[in-house]
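One structure is given here, and the rest of the page talks about it.
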Amino acid sequence: MDAVGQLAAGVAHDFRNLLNVILVNAELLESESNARARGASRKPSTGGNEVFEILSATRRGADLVGRLLRVARQPQVNLRSTDLVALLRDMQAMFRAMAGDSIALEVRVADDPVSARVDPDLLRDALLNLVANAGQATLPGGRVLVALDVAGHDEDAPVRIIVRDTGTGMDEATLALVFDPFFTTKESGTGLGLPMVRSIVEMHGGTLEVSSAPGQGTTVTILLSTREAVPPAGAPSGTDTAGDGAVAADGPGGQGRILLVEDDSRLRTAAERALRRLGYEVTSSENGRLAFDRIEDSPDGFDLVLSDLVMPELGGLELYEEVQQRGWTIPFLFMSGHGPEAVSSADGVEGAYTFLEKPWTLDKLAATVRDAIANEQRTA
């Protein structure tokens with residue numbers, strides 16, 4: 001696993017830059033194509049063409065890199081009080097999509113809230129992966145059950161989330177290998193799903209159990225070792241119904257002056273096009289040193305600095321520190337393929353930045369830039 005971590009970390013930044021270049025240019029092409037179609041009174045393209053296939057493949061590549069990183073190293077965990085009943089109910093549509101239309105899906109939860117301290121985004125990733133596995137292992141007409149079980153009535157009683165299918169099942173030899181990275185029984189599988197799920201569960205202090213037999217289906221149980229009191233009515237539950245965490249843009253973008261700092265020339269050009277399409281004025285620099293010179297020439301000339309983290313001459317964090325030392329108050333939006341922990345581990349930047357993970361989409365870029373300009377104190 002250490003070797004996997006070193007490999008993933010080594011390729012993540014450059015590979016995500018490449019994927020981002022492909023993704024944003026493909027989205028721009030798709031947007032232009034749909035605009036021309038509307039102008040010609042034709043139906044906009046929704047799939048089945050070359051651009052759609054590029055977008056689909058790029059997103060799968062980005063997901064694969066993300067899985068490698070999640071398996072190989074622990075991501076930042078944001079534990080908060082979460083109603084597991086509400087979380088599972090909110091995910092029913094996503095469970096349905098993952099299981100497949102030919103599979104009968106049942107989500108079984110109690111009527112009363114069940115609260116636990118979890119990271120809802122990470123737990124959501126784990127559950128979607130388990131349901132997808134269950135659907136793929138189950139023949140048409142089979143069943144997949146997602147159930148929440150509280151073993152007892154005490155606050156310290158464990159919570160079990162069960163994903164059970166009526167699929168083909170596994171023999172003992174296969175079952176012994178299911179947590180090995182890159183082991184898979186599927187033709188198109190990566191072998192990273194269950195290792196990732198186990199890693200997420202262990203981050204919550206829980207355990208993951210898998211039981212199966214040929215012809216008897218498979219049951220995967222997430223056992224969370226702690227519970228807590230349900231928050232009062234009207235209090236935030238900590239759940240987030242955005243599904244995969246993507247933020248949809250509500251409009252064409254916004255207005256403002258952005259200093260873009262990115263050393264990858266191809267991604268810098270693509271980001272310039274995207275930001276201008278969204279309505280922003282853009283000035284670009286290829287490293288932090290040149291960006292600092294531009295800010296020094298006009299400290300009030302920018303509404304946002306959108307900066308990569310890792311660059312020659314002067315990186316994004318170092319640029320931020322030099323700007324702060326001069327007393328200039330400019331909101332920063334950091335972007336990187338290394339994940340938000342690359343920023344959160346640094347000293348002196350708490351609450352002073354927003355984070356955009358590569359590869360980003362146009363919608364994600366639009367929403368994150370709007371938020372960063374609107375609220376200088378937004379945290380990653």
Side-chain angles (χ1 to χ4, degrees), residues 7-33 50-70 72-73 75 121 125 190 242 244-249 252-253 258-280 282-288 291 304-312 315-317 319 332-343 353-372 380:
L7 172 65
V11 304
H13 182 263
D14 290 342
F15 190 51
R16 282 182 161 178
N17 272 359
L18 291 172
L19 289 172
N20 215 150
V21 173
I22 299 169
L23 180 61
V24 68
N25 278 293
E27 286 194 320
L28 288 168
L29 283 173
E30 183 182 51
S31 176
E32 293 169 0
S33 175
E50 292 84 352
V51 173
F52 177 83
E53 294 299 330
I54 292 171
L55 287 169
S56 178
T58 305
R59 287 164 181 154
R60 288 199 301 271
D63 179 67
L64 177 57
V65 176
R67 284 171 181 255
L68 276 168
L69 290 172
R70 285 194 295 272
R73 68 184 187 204
D121 293 328
D125 286 345
T190 63
D244 59 2
V247 182
I258 296 177
L259 176 58
L260 172 66
V261 194
E262 170 61 62
D263 62 304
D264 187 309
S265 60
R266 293 162 299 184
L267 182 54
R268 187 170 64 249
T269 299
E272 286 177 11
R273 291 182 61 202
L275 290 167
R276 291 194 175 105
R277 175 74 63 83
L278 292 169
Y280 295 102
V282 184
T283 301
S284 297
S285 295
E286 63 189 51
N287 60 57
L304 177 71
V305 176
L306 172 56
S307 177
D308 189 21
L309 277 179
V310 181
M311 295 178 293
L317 283 173
L319 172 62
F332 266 67
L333 168 53
F334 293 117
M335 55 182 174
S336 177
H338 290 305
E341 61 273 10
V343 187
Y353 66 93
T354 311
F355 186 80
L356 178 65
E357 188 166 7
K358 297 177 181 177
W360 39 262
T361 63
L362 290 179
D363 278 351
K364 185 67 174 178
L365 177 70
T368 310
V369 168
R370 281 204 311 268
D371 287 348

* Structure fact -> For I54 and A26, the nearest pair of non-hydrogen atoms, with its separation, is CG2-CB, 3.9 Å

* Asked: What are the two closest heavy atoms between L309 and S336, and how far apart are they?
  -> CD1-CB, 3.6 Å

* Asked: How close do S307 and G316 get, heavy atom to heavy atom, and via which atoms?
  -> OG-CA, 3.5 Å

* side chain to side chain contact (heavy atoms under 4.5 Å, CB included) involving S265 - partner list, sequence neighbours excluded -> R268

* Just how far is it from atom CG of L304 to atom CZ of R370, taken to the nearest 0.5 Å? -> 13.0 Å

* Which heavy-atom pair separates A270 from L28 by the least distance, and what is that distance? -> O-CD1, 4.3 Å

* Taking only residues two or more places apart in sequence or in another chain, which ones pass salt bridge (Lys or Arg N to Asp or Glu O under 4.0 Å) with E286? -> none

* Asked: CG/L23 to CG/L18 distance, rounded to the nearest 0.5 angstrom?
  -> 12.5 Å

* **I258 to V369 - nearest heavy-atom pair and separation** => CD1-CG1, 3.7 Å

* **salt_bridge(R277, E27) N-O dist < 4.0 Å** => no

* Please report the shortest heavy-atom distance between D308 and V310, naming the atom on each side. => OD2-O, 3.1 Å

* Residue list, side chain to side chain contact (heavy atoms under 4.5 Å, CB included) with A271, at least two apart or on another chain -> L260, W360

* Do N25 and R266 have side-chain atoms, one donor and one acceptor, less than 3.5 Å apart? -> no

* To do: For the residue pair L333 and L306, establish whether any side-chain heavy-atom pair is separated by less than 4.5 Å.
  => yes

* Asked: Looking at R16 and E357, does any basic side-chain N land under 4.0 Å from a carboxylate oxygen?
  -> yes

